[in-house]
Amino acid sequence: MQDEKWGSGQTERFEQVVLAHLDAAYNLARWLVRKPQDAEDIIQEAYLRAFKFFGGYQGGDARAWVLKIVRNTSYSFLEKNRPASLVEEFDETIHTAVSEQSGVEGALLQSVDSQMLRDALDELPVNFREVIVLRELEGMSYQEIAELLAIPIGTVMSGLARARKQLKERLIRMRAEEGQRGLRK
Amino acid sequence: MACENSEHLLRAYFDGELDLVRSLAFEEHLKTCPRCAAELREQQALRDSLRTAHLYEPAPDRLRARVRAALPAQARPQTVSTTRRPLIEWLAIAAAILIAVFLGVKAIPDIGGQKQNLLAEEIVASHIRSLQPGHLMDVESTDQHTVKPWFDGKLDFAPPVVDLATQGFPLVGGRLDYIGRRNVAALVYQRQKHFINLFIWPEEKSGAKLPEVQTIQGYNVVSWSGKAMDYFAVSDLNSSELGQFANLLSR
């Protein structure tokens with residue numbers, strides 16, 4: 001059902017259901033492709049797609065429906081323009097243990113500034129960045145993330161654990177480098 | 001609880017994914033396990049810095065305008081011609097309208113009783129309206145002692161106003177709203193980027209009712225009754241955290 005002759009009621013409903021989630025849509029695209037201008041183009045395309053397929057939307061979680069389209073559009077963009085950024089996938093075989101050396105890092109993490117955090121997140125492989133954004137910024141549950149990514153909940157959980165671990169390690173490395181630069185001055 | 005098995009539990013606990021019983025059991029374990037307690041503090045430190053770094057990227061206004069501008073052009077039929085339409089075109093339009101109406105009806109999720117259903121939809125509509133600029137709050141305050149008296153003389157009941165800032169749901173304000181043909185209190189809470197509207201009015205049927213979650217248009221709605229009031233909480237927050245919010249209030 002992609003009739004061009006929709007009435008204004010349908011457009012209004014589209015506004016309420018789909019446009020209401022524009023922030024979530026942009027945030028996800030922005031973090032997946034990292035460049036604001038690319039993210040804006042992706043959103044424009046994703047929303048036209050959403051409008052086209054709105055007849056097929058059967059109610060239910062509208063945010064998930066929108067994010068699914070945004071995600072597909074973003075990954076198509078990356079495949080076409082930056083295929084190298086897609087090589088790292090979730091790997092369930094790597095086991096993430098609870099960190100052995102605890103304590104010191106907590107204090108380190110509390111003093112990172114937001115630019116450093118932004119850089120560290122930007123450096124993560126795209127799949128890791130994605131789960132962090134969905135869980136920590138978008139506040140989605142494991143179940144919601146699993147449905148959106150079409151992967152089992154267990155994979156969400158292990159992916160999230162690995163993503164957090166990598167993020168933490170990057171931050172600690174960045175802090176150490178910053179410290180060294182400080183000493184040389 | 002053996003610590004070797006607690007790694008999964010720790011993650012699930014940290015992400016609010018454990019049910020109440022397992023959550024309490026894990027809290028017991030935490031008291032006696034410095035290793036897990038330290039790991040949890042570390043995870044929390046990472047989350048805190050993520051949350052205070054303002055990493056969320058809301059859509060720029062120009063994008064909102066750009067997306068809006070592109071849509072109605074698609075929605076409307078190409079410039080209506082002044083020549084008479086052939087009958088077959090009118091039939092096609094009628095068919096399109098019928099299909100649109102049919103889809104519209106089908107899209108309303110089937111949940112519980114019809115009355116409750118309508119009420120929940122009204123609540124979601126009110127929530128969406130409240131998020132439009134300038135509609136969210138009549139009284140803006142994080143102080144329950146400012147918000148509560150504000151309702152005096154505006155309602156024929158006194159809504160209970162509780163701040164949950166220490167539990168991560170700070171009260172940010174309140175407003176008057178009109179739901180189910182009566183004036184109701186709407187309290188506004190915040191969870192990170194998400195607003196929660198809590199609607200309160202005197203209960204229609206007496207007796208406590210435990211929180212129940214439903215999803216309408218992508219919004220989660222939790223309803224419960226207690227202390228002679230009916231409550232509806234609505235938000236785009238995920239259902240487990242909204243459930244936690246309801247549990248805190250319905251205690």
Side-chain angles (χ1 to χ4, degrees), chain A residues 1 3-11 13-14 16-17 19-23 25-27 30-31 40 43-44 47-48 51 55 57-65 97-99 102-103 105-107 109-110 112 114 117-118 121 132 135-137 139-142 144 157 160-161 164 167-168, chain B residues 7-8 10-12 15-17 35-36 38-39 41-43 45-60 63-64 66-68 70-72 74-75 77-78 92-93 96-97 99-100 103-104 106-109 128 131 191-194 215 217-218 236-241:
Chain A
M1 249 318 284
D3 207 302
E4 302 231 322
K5 293 183 183 86
W6 280 358
S8 65
Q10 194 76 340
T11 313
R13 194 168 153 256
F14 183 82
Q16 276 205 349
V17 174
L19 269 175
H21 299 291
L22 189 65
D23 279 345
Y26 178 77
N27 183 54
R30 164 66 186 69
W31 279 106
E40 286 191 30
I43 292 303
Q44 178 84 18
Y47 266 71
L48 285 176
F51 194 82
Y57 169 66
Q58 300 282 307
D61 191 341
R63 181 177 64 167
W65 188 78
V98 172
S99 170
S102 292
E105 289 143 7
L109 289 172
Q110 266 154 8
V112 295
S114 56
L117 206 53
R118 192 171 278 275
L121 191 54
I132 297 263
R135 174 66 201 123
E136 299 295 349
L137 304 187
M140 290 172 86
S141 67
Y142 290 173
E144 288 168 324
M157 216 168 161
L160 200 49
R164 282 169 172 156
L167 184 63
K168 202 172 71 184
Chain B
E7 187 185 319
H8 270 77
L10 188 140
R11 294 178 195 162
D15 284 317
E17 299 274 349
R35 188 159 164 268
C36 281
E39 172 65 17
R41 273 198 301 278
E42 214 171 89
Q43 293 287 352
L46 181 63
R47 172 171 291 169
D48 289 346
S49 40
L50 277 167
R51 287 191 178 165
T52 50
H54 303 290
L55 298 176
Y56 199 96
E57 300 276 356
L63 177 63
R64 202 172 292 272
R66 200 176 138 194
V67 167
R68 272 224 171 88
L71 295 179
Q74 286 245 326
Q78 269 32 23
I93 292 168
I97 292 169
I99 289 166
L103 283 174
K106 258 188 75 178
I108 297 169
I128 294 171
L131 298 179
R191 175 73 158 189
Q192 300 151 43
K193 296 287 293 181
H194 307 272
T215 304
Q217 291 186 14
D236 61 346
L237 187 63
N238 65 71
S239 55
S240 68
E241 281 176 274

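Within every chain, numbering begins at 1; the chains are lettered A, B, ... in the order of the sequence lines, protein sequences first and strands thereafter.
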Query raised in the report: Distance-only, no hydrogens or angles: does the A/Arg30 side chain make a donor-acceptor pair with backbone N or O of B/Ala59 under 3.5 Å?
Result: no
Query raised in the report: Where does the angle between the aromatic ring planes of A/Tyr47 and A/Phe14 fall among parallel (under 30°), tilted (30 to 60°) and perpendicular (over 60°)?
Result: perpendicular
Query raised in the report: What part of A/Arg164 lies closer than 4.5 angstrom to a heavy atom of chain B: side chain, backbone, both or neither?
Result: both
Query raised in the report: Which of the residues A/Ala25, A/Ala20, A/Ser141, A/Ala64 is involved in the greatest number of heavy-atom pairs with chain B at under 4.5 angstrom?
Result: A/Ser141
Query raised in the report: Checking heavy atoms, do the side chain of A/Glu40, its backbone, both or neither come under 4.5 Å from chain B?
Result: both
**Report entry** B/His194 versus chain A, the contacting section by heavy-atom distance below 4.5 Å
**Finding:** side chain
Report task. Report the C-alpha distance between B/Glu39 and B/Arg35 in whole Å, list the side-chain angles of each, state the deciding distance to 0.1 Å, and finish with yes or no for salt bridge (Lys or Arg N to Asp or Glu O under 4.0 Å). Result -> CA-CA 6 Å; B/Glu39 172 65 17; B/Arg35 188 159 164 268; over 6 Å; no
Query raised in the report: Which atoms of A/Met140 come close to chain B, meaning under 4.5 Å heavy atom to heavy atom: side chain ones, backbone ones, both, or neither?
Result: backbone
Requested in this report: For B/Tyr56 and B/Lys193, work out which heavy atoms get closest and say how close.
Outcome: CD2-CE, 3.5 Å
Query raised in the report: Are the charged groups of A/Arg135 and B/Glu17 less than 4.0 angstrom apart, N to O?
Result: no
Requested in this report: Start with the C-alpha distance between A/Leu160 and A/Glu136, add both sets of side-chain angles, then the distance that settles side-chain contact (heavy atoms from CB on, under 4.5 Å), and finish with yes or no.
Outcome: CA-CA 10 Å; A/Leu160 200 49; A/Glu136 299 295 349; 5.7 Å; no
Query raised in the report: Side chain, backbone, both or neither: which part of B/Arg191 has a non-hydrogen atom closer than 4.5 Å to chain A?
Result: neither
**Report entry** Full working for salt bridge (Lys or Arg N to Asp or Glu O under 4.0 Å) between B/Asp15 and B/Arg47
**Finding:** CA-CA 10 Å; B/Asp15 284 317; B/Arg47 172 171 291 169; 2.7 Å; yes
Query - When B/Ser239, B/Ala53, B/Ser240 are compared by non-hydrogen pairs under 4.5 Å with chain A, the top option - result: B/Ala53
Query raised in the report: If you count heavy-atom pairs under 4.5 Å with chain B, which of A/His21, A/Arg63, A/Gln44 comes out on top?
Result: A/Gln44
Query raised in the report: Does any heavy atom of chain B fall under 4.5 Å from the side chain of A/Trp31, the backbone, both, or neither of them?
Result: side chain
